[in-house]
Every structure is written in C-alpha cells, then in structure tokens.
Amino acid sequence: MNKAAALYNFYSKFLPAYEENSVPDDAELPYITYQVALDNFTGTVQQLTASIWYRDTSWAQITEKAEEIREDISRGGTIEKCDGGRIWITRGQPFAQYMADDTKDEVKRIVLNISAEFITAE
C-alpha cells in the first residue's frame with residue numbers, strides 16, 4: 001500500500017475520509033478531510049492537518065470523535081504500514097482546535113494537528 005493510501009486507511013478507521021482537495025459533491029457529514037504530504041526517511045517530521053466535520057447544534061459528538069482519534073494515536077503515537085516501511089503518526093501541538101463555519105451555525109469543525117514521520121527507503 002502506498003503512503004497516501006496508508007494515510008487514507010488511518011483516517012477512514014474513524015469516519016468516511018477524503019483528501020482535502022477531493023471531497024465529492026455528494027459527501028454527507030460527518031466525515032474527515034485530511035492533508036497529504038509525502039516524504040521518505042530524512043529524519044524530519046511532516047506537520048499535517050485533518051478536519052473532522054459534523055452537522056449538529058452541539059459540540060458533543062464531534063468532541064467525542066476527536067477524543068477517539070487522540071486515544072488511538074496515544075501518547076507514543078501509532079504506526080501505519082506502507083510500501084517500503086512505516087509511517088509514525090503522533091499528535092501535533094495543539095492537537096485539536098475548534099473552528100466555526102461562518103455560513104452555517106450547525107456545521108462544526110475540529111482541526112487536528114498531526115505529525116508524521118515517514119520511515120521508508122523511498
């Protein structure tokens with residue numbers, strides 16, 4: 001599985017997931033959009049973002065989903081397999097930020113800061 005597919009598999013464990021530039025017109029909330037940036041083993045960490053999107057009047061469900069993802073990553077991170085190695089996913093700082101949608105009060109968004117280290121040959 002290539003690196004982009006490994007990122008997709010990580011996010012899609014929680015909700016339907018779409019690369020942030022490829023959300024279908026018929027996608028229904030809730031879902032996750034995520035950033036893709038790829039690298040190989042360079043000793044550097046890529047800073048990525050993902051957004052959880054819900055349609056709700058309350059922040060309760062979306063907050064629970066952010067907490068589920070936070071727990072899955074855990075304090076030491078989580079490892080995703082990919083072609084030629086692994087991706088080590090850890091929590092960025094701050095991990096979660098609440099965002100408003102200026103056009104629709106019922107749309108809730110939490111932006112997640114994710115750190116990814118690509119431990120791959122290529």
Side-chain angles (χ1 to χ4, degrees):
M1 159 182 0
N2 66 37
K3 297 170 191 175
L7 289 172
Y8 167 79
N9 281 348
F10 171 72
Y11 291 114
S12 66
K13 292 187 296 190
F14 307 105
L15 286 171
Y18 306 100
E19 190 277 328
E20 66 185 358
N21 299 302
S22 302
V23 179
D25 292 336
D26 61 350
E28 293 185 21
L29 298 175
Y31 58 74
I32 294 174
T33 57
Y34 63 93
Q35 193 176 34
V36 174
L38 307 175
D39 203 354
N40 60 348
F41 186 68
T42 60
T44 60
V45 176
Q46 300 299 315
Q47 301 303 317
L48 307 174
T49 60
S51 293
I52 308 168
W53 300 85
Y54 268 71
R55 183 178 315 280
D56 202 332
T57 56
S58 166
W59 287 92
Q61 286 188 322
I62 192 171
T63 300
E64 287 177 22
K65 188 57 65 176
E67 180 64 14
E68 178 185 346
I69 296 169
R70 188 190 71 76
E71 288 175 2
D72 185 78
I73 295 174
S74 78
R75 188 175 300 246
T78 187
I79 303 286
E80 293 293 316
K81 293 180 183 179
C82 65
D83 294 340
R86 308 279 190 272
I87 304 172
W88 181 24
I89 297 172
T90 56
R91 299 179 202 148
Q93 297 294 323
F95 176 66
Q97 300 173 70
Y98 287 53
M99 304 291 273
D101 185 319
D102 294 336
T103 61
K104 298 176 185 155
D105 287 341
E106 72 276 5
V107 174
K108 306 291 187 237
R109 175 183 177 201
I110 295 180
V111 177
L112 305 178
N113 291 303
I114 304 291
S115 299
E117 187 168 354
F118 295 85
I119 307 167
T120 61
E122 293 188 32

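In this chain, numbering begins with 1 at the start of the sequence shown. Keep in mind the model is a prediction, meaning the values are calculated, not measured.
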| From E20 CD over to Q35 CD, what is the distance, rounded to the nearest 0.5 angstrom? | 5.0 Å

| Within-4.5 Å side-chain heavy-atom neighbours: P94 and Q97 | yes

| Hydrophobic cluster membership, L7 vs F14, 4.5 Å side-chain cutoff | yes

| T33 and E19, any side-chain heavy atoms less than 4.5 Å apart | no

| In this structure, which one of I73, V45, L48 forms a side chain to side chain contact (heavy atoms under 4.5 Å, CB included) with S115? | V45

| Are any of the side-chain nitrogens in E80 or K13 under 4.0 Å away from the carboxylate oxygens of its partner? | yes

| query | CZ of R86 to CD1 of I79: how many Å apart, nearest 0.5 Å? | reply | 8.0 Å

| task | For the residue pair V23 and Y31, establish whether any side-chain heavy-atom pair is separated by less than 4.5 Å. | result | yes

| task | Give the intermediate values and the outcome of side-chain contact (heavy atoms from CB on, under 4.5 Å) for residues I89 and I114. | result | CA-CA 7 Å; I89 297 172; I114 304 291; 3.5 Å; yes

| message | For the backbone of T49 and the side chain of N113, can you confirm whether one donor and one acceptor N or O come within less than 3.5 Å of each other? | response | no

| task | Answer yes or no: are there more than 12 heavy-atom neighbours, outside E71 itself, under 6.0 Å from its atom CD? | result | yes

| request: Write down the atom of W88, the atom of G77, and the distance for their closest heavy-atom approach. | output: NE1-CA, 3.8 Å

| said: Could you measure the distance from the NZ atom of K108 to the CZ atom of R55? Nearest 0.5 Å is fine. | reply: 11.0 Å

| message | Using the side chain to side chain contact (heavy atoms under 4.5 Å, CB included) definition, which of the options N9, I87, N2 pairs with C82? | response | I87

| field | L29-L15 co-clustered via ILVMFWY side chain contacts under 4.5 Å | value | no

| note | Closest non-hydrogen contact found for A37 with F118 is O-CZ, 3.2 Å

| said: Taking I110's backbone N and O only, do any of them form a donor-acceptor pair with W53's side chain (distance below 3.5 Å, no angle check)? | reply: no

| request: Verify side-chain contact (heavy atoms from CB on, under 4.5 Å) between I69 and I52, making sure each step is shown before the conclusion. | output: CA-CA 10 Å; I69 296 169; I52 308 168; 3.8 Å; yes

| request: For the residue pair W59 and Y98, categorise the inter-ring angle as parallel (less than 30°), tilted (30 to 60°) or perpendicular (more than 60°). | output: tilted

| message | What I want to find out is whether K3 reaches D83 closely enough, with some N-O distance under 4.0 Å, to be called a salt bridge. | response | no

| message | For a quick test of reading the model, state the closest non-hydrogen atom pair linking S74 to R91 and the distance between them. | response | C-NH2, 3.1 Å

| Atom pair OH/OH of Y18 and Y11 - distance to nearest 0.5 Å | 16.0 Å

| task | To the nearest 0.5 angstrom, please state how far the OG1 atom of T90 sits from the CD atom of E117. | result | 8.0 Å

| said: The test is side-chain contact (heavy atoms from CB on, under 4.5 Å); show your working for Y34 and Y8 and say whether it passes. | reply: CA-CA 8 Å; Y34 63 93; Y8 167 79; 3.3 Å; yes

| field | I32 to A50 - nearest heavy-atom pair and separation | value | CG2-CB, 4.3 Å

| Heavy-atom closest contact (A66 atom, L112 atom, distance) | CB-CD2, 4.4 Å

| note | Y54 meets the ring pair (Phe, Tyr, Trp, His ring centres under 6.0 Å) criterion, sequence neighbours left out, with none

| message | Within this structure, what is the CD-OG1 distance for the pair E68 and T63, rounded to the nearest 0.5 Å? | response | 13.0 Å

